[in-house]
Peer 1: 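Structure incoming, see below.
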Amino acid sequence: MTIAVQPTASHFINGAYVEGGSEDLPVVFPATGEVVATLKLADEALVDQAIAAAKAAQPAWAALSGVERGRILRRAAEIMRERNRELSELETIDTGKPLQETLIADAASGADALEYFGGLAATLGGEHIQLGADFAYTRREALGVCVGIGAWNYPIQIASWKAAPALACGNTMVFKPSETTPLSALKLAEILIEAGAPAGVFNVVQGAGAVGARLVTHPDVAKVSLTGSVPTGRKVYAAAAEGLRHVTMELGGKSPLVIFDDANVENAVSAAINGNFYSSGQICSNGTRVFVQKGIKEAFLTRLAERLKGVNMGDPRDEAVNFGPMVSERQVQIVEGYIAKGLAEGARLVAGGQRREGAGFWMEPTVFADVTDTMTIAEEEIFGPVMSVLDFDTEEEVIARANATEFGLAAGVFTNNLARAHRVVAQFKAGTTWINTYNLTPVEVPFGGSKMSGVGRENGRAAIEHYSELKTVYVAMGDTEAPF
Ligand code: NDP
């Protein structure tokens, strides 16, 4: 069956689809390797055109009341929900993630962001500060043109998590999806126009790193929000700093999931499965270092092995399938390299480890036990379906080991001891933590990383701080004094 997902055109600028650019960008269905669409990479003129459109649209957009901007965002959320199946099917073809997942976690999460920030838009404001007879007040103002750059694992979710708070605050945006998954951001642009957003408020240009780099250094850009790896984050942060631009950096991780002897084993196994194998392990906040206290190690591994029999790997368009391919050939090769290193460095392979032969980019869910802190698979982000299980004895020891990483995106703890749960999360050096669950990221709560995993926060009220700035207005009620 031929899959038809060719968009109207490659880019979306100033309220309309625009074709342009010279180099071809083939879009591949990861389950089969079939090319399902061919787009064009933007050239410099298109990037400049998109930024000019965003710049021109920004003052009038910011001049609308919060209620008016919010109404458009909430209407977009409704349209996105109405089209959830179509958008989910597109996301499944673009990313290879099972439809079972995309139906609930991608456009649905994007719609939540549009709804949430649409609601907040009307509440944004500053404060009044009394200074004796004088007083001051603050105005919360938009930054201007924001650039969003996305990773390939949650394309429409990432685009929406960036666009919704940016637009709510009165900014406009130029978004560059990952070149691996360019399709769904165009749909977000379409939907925003249909919901009533003025032309130029949200624009999409396709491209690889070079297009991203041009966006980031453009003199008319006030803010850059990137979701990507630490090496890219370093480059983008440095380039943005040149112009003292605001940044949000959502980067990689190697997060710990700590399971104490007294935990509910069934729930802990569920969390380890979700935190390592959902989206074939291609999630930044995954708990890829699973620390299991020695008393329940065998029970944990036995139950995990039983639960892995429930893996249904197959065509991700089949709603019964719960484990899809990886996004690309390159990503499979990276994971194969890490599995080989795990074996060479003495980790014990207890499940998976093999690439599935044939068309597409398939890797089995893989579990290593007896992993130690200095093994490569325990130190580096793999971004694939590879779980490392490490043993520990004491609380003090596991906290030190959990924090002994350059990353600090997320962390989780499983225990039935209430005091210990709070004591442990308080000591985690990570931006997003969970007690007795893992990887839940509702829009109402801030999400982001510490240390090398990022700067700033997405979601929650916290995101508003990163897409607006305060202007102070001092109001004198009396005469102005001067020394001479
Ligand atoms: P990359 O860092 O390779 O790319 C991220 C984005 O940046 C892509 O759109 C990429 O373009 C673009 N880019 C690359 N170089 C530059 C540059 N010099 N200037 C501007 N933009 C550039 O990440 P992946 O797409 O491979 O995604 C996986 C990574 O993302 C993992 O490390 C993962 O942990 C992280 N991630 C973090 C999340 C978070 O919220 N913290 C969520 C999801 C993923 P292109 O790819 O088209 O070349």
Side-chain angles (χ1 to χ4, degrees), residues 10 23 25-27 39 41-42 47 94-95 97 105-106 109 113 147-162 174-183 185 204-218 221 224-242 245 247-255 275 278-288 326-328 330-331 333-335 380-384 405-410 430-432 439 441 443 446-459 463:
S10 302
E23 224 181 303
L25 170 61
V27 183
L39 280 62
L41 299 178
V47 170
D94 212 358
T95 62
K97 296 193 295 178
D106 291 81
S109 163
V147 161
I149 300 179
W152 41 258
N153 58 343
Y154 278 80
I156 201 166
Q157 183 197 83
I158 292 171
S160 307
W161 281 18
K162 296 188 189 311
V174 179
F175 186 80
K176 187 199 84 64
S178 164
E179 66 177 311
T180 313
T181 54
L183 299 176
V204 177
V205 289
Q206 307 295 349
V211 168
R214 185 165 179 87
L215 287 167
V216 169
T217 51
H218 198 289
V221 168
V224 178
S225 177
L226 169 82
T227 297
S229 61
V230 172
T232 304
R234 271 211 183 96
K235 277 190 249 170
V236 171
Y237 198 174
E242 187 67 36
R245 295 176 185 88
V247 295
T248 300
M249 295 280 142
E250 292 292 349
L251 309 178
K254 190 74 197 178
S255 301
Y278 203 71
S279 298
S280 296
Q282 303 165 118
I283 298 183
C284 52
S285 51
N286 271 354
T288 47
M326 304 208 62
V327 78
S328 63
R330 180 170 167 266
Q331 205 60 28
Q333 285 173 6
I334 290 171
V335 173
E380 295 181 14
E381 183 184 49
I382 299 175
F383 222 62
T405 166
E406 63 174 5
F407 298 109
L409 184 53
T432 309
N439 258 356
T441 55
V443 69
F447 176 79
S450 302
K451 301 200 280 184
M452 295 296 279
S453 291
V455 177
R457 292 292 178 267
E458 296 197 303
N459 292 347

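Whatever order the structure lists ligands and atoms in, that order sets their numbers, starting from 1. Given the structure is predicted, the values throughout are model-derived calculations rather than measurements.
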Peer 1: Give the single entry among P177, S279, S285, C284 that approaches atom 38 (C) of ligand 1 most closely by any heavy atom.
Peer 2: C284

Peer 1: Considering heavy atoms of the protein only, find what lies nearest to atom 17 (C) of ligand 1 and give residue, atom and distance to 0.1 Å.
Peer 2: G209 O, 3.7 Å

Peer 1: Search all heavy atoms of S160 against all heavy atoms of A113 and return the closest pair with its distance.
Peer 2: O-CB, 4.0 Å

Peer 1: From the options E179, Q331, K176, E381, select the one whose nearest heavy atom is closest to atom 11 (O) of ligand 1.
Peer 2: K176

Peer 1: Surrounding CD of E23 (heavy atoms of other residues, nucleotides or ligands, distance under 6.0 Å), is the total greater than 12?
Peer 2: no

Peer 1: Do any nitrogen or oxygen atoms of W152 lie less than 3.5 angstrom from nitrogen or oxygen atoms of ligand 1?
Peer 2: yes

Peer 1: Give a yes/no on ligand 1: does S453 have at least one heavy atom closer than 4.0 angstrom to it?
Peer 2: no

Peer 1: Determine the minimum heavy-atom distance between G252 and S453, stating which atoms define it.
Peer 2: O-OG, 2.6 Å

Peer 1: Please give me the minimum heavy-atom distance between R245 and T217, naming the atom from each residue.
Peer 2: NH2-O, 3.3 Å

Peer 1: Under 3.5 Å between some N or O of ligand 1 and some N or O of T232?
Peer 2: yes

Peer 1: Which is closest to atom 35 (C) of ligand 1 in terms of heavy atoms, G228, P231, A151, G252?
Peer 2: G228

Peer 1: One pair to check against side chain to side chain contact (heavy atoms under 4.5 Å, CB included): N153 and I158. What are the steps and the verdict?
Peer 2: CA-CA 9 Å; N153 58 343; I158 292 171; 3.6 Å; yes

Peer 1: To the nearest 0.5 angstrom, please state how far the OH atom of Y154 sits from the CD atom of Q282.
Peer 2: 9.0 Å

Peer 1: Between ligand 1 and G150, can you find any atom pair, the residue atom being a heavy atom, that is separated by under 4.0 Å?
Peer 2: yes

Peer 1: Which residue supplies the protein heavy atom nearest to atom 41 (N) of ligand 1, what is that atom called, and how far is it?
Peer 2: L251 O, 2.7 Å

Peer 1: Apply side chain to side chain donor-acceptor pair (under 3.5 Å) to K162 and S225, showing your working.
Peer 2: CA-CA 7 Å; K162 296 188 189 311; S225 177; 2.9 Å; yes

Peer 1: Can you confirm, on distance only, whether ligand 1 has an N/O atom lying under 3.5 Å from any N/O atom belonging to I158?
Peer 2: no

Peer 1: Can you tell me the protein heavy atom closest to atom 40 (O) of ligand 1 and the distance?
Peer 2: E250 CB, 3.2 Å

Peer 1: Going by the order shown, which atoms of ligand 1 are within less than 4.0 Å of some heavy atom of F447?
Peer 2: 40 (O)

Peer 1: Heavy atoms only, cut-off 4.0 Å: how does L226 contact ligand 1, side chain, backbone, both, or neither?
Peer 2: side chain

Peer 1: Ligand 1 versus T227, non-hydrogen atoms closer than 4.0 Å: side chain, backbone, both, neither?
Peer 2: both

Peer 1: Any N/O of T180 closer than 3.5 Å to an N/O of ligand 1?
Peer 2: no

Peer 1: Any heavy atom of Y154 closer to ligand 1 than 4.0 angstrom?
Peer 2: no

Peer 1: Under the side chain to side chain donor-acceptor pair (under 3.5 Å) rule, what do T181 and D94 come out as? Steps first, then yes or no, please.
Peer 2: CA-CA 6 Å; T181 54; D94 212 358; 4.9 Å; no

Peer 1: Under 4.0 Å, heavy atoms only, figure out whether ligand 1 is touched by the backbone of V230, its side chain, both or neither.
Peer 2: neither

Peer 1: Taking all non-hydrogen atoms of both residues into account, name the closest pair between W161 and E458 and its distance.
Peer 2: CE3-OE1, 3.7 Å

Peer 1: Which heavy atom of the protein is the closest neighbour of atom 46 (O) of ligand 1, given with residue, atom name and distance?
Peer 2: S178 OG, 3.7 Å

Peer 1: What protein heavy atom sits nearest atom 43 (C) of ligand 1, and how far off is it?
Peer 2: N153 ND2, 3.1 Å

Peer 1: For atom 12 (C) of ligand 1, state which one of I149, T248, L41 supplies the nearest heavy atom.
Peer 2: I149

Peer 1: Please give me the minimum heavy-atom distance between I283 and F383, naming the atom from each residue.
Peer 2: C-CE1, 3.5 Å

Peer 1: How long is the gap from CD1 on I382 to CD1 on I334, to the nearest 0.5 Å?
Peer 2: 11.0 Å

Peer 1: Under a 4.0 Å heavy-atom limit, does F383 contact ligand 1 with its side chain, its backbone, both, or neither?
Peer 2: side chain

Peer 1: Before giving the answer on side chain to side chain contact (heavy atoms under 4.5 Å, CB included), spell out for V216 and L226 the whole-Å C-alpha distance, their side-chain angles and the decisive distance to 0.1 Å.
Peer 2: CA-CA 10 Å; V216 169; L226 169 82; over 6 Å; no

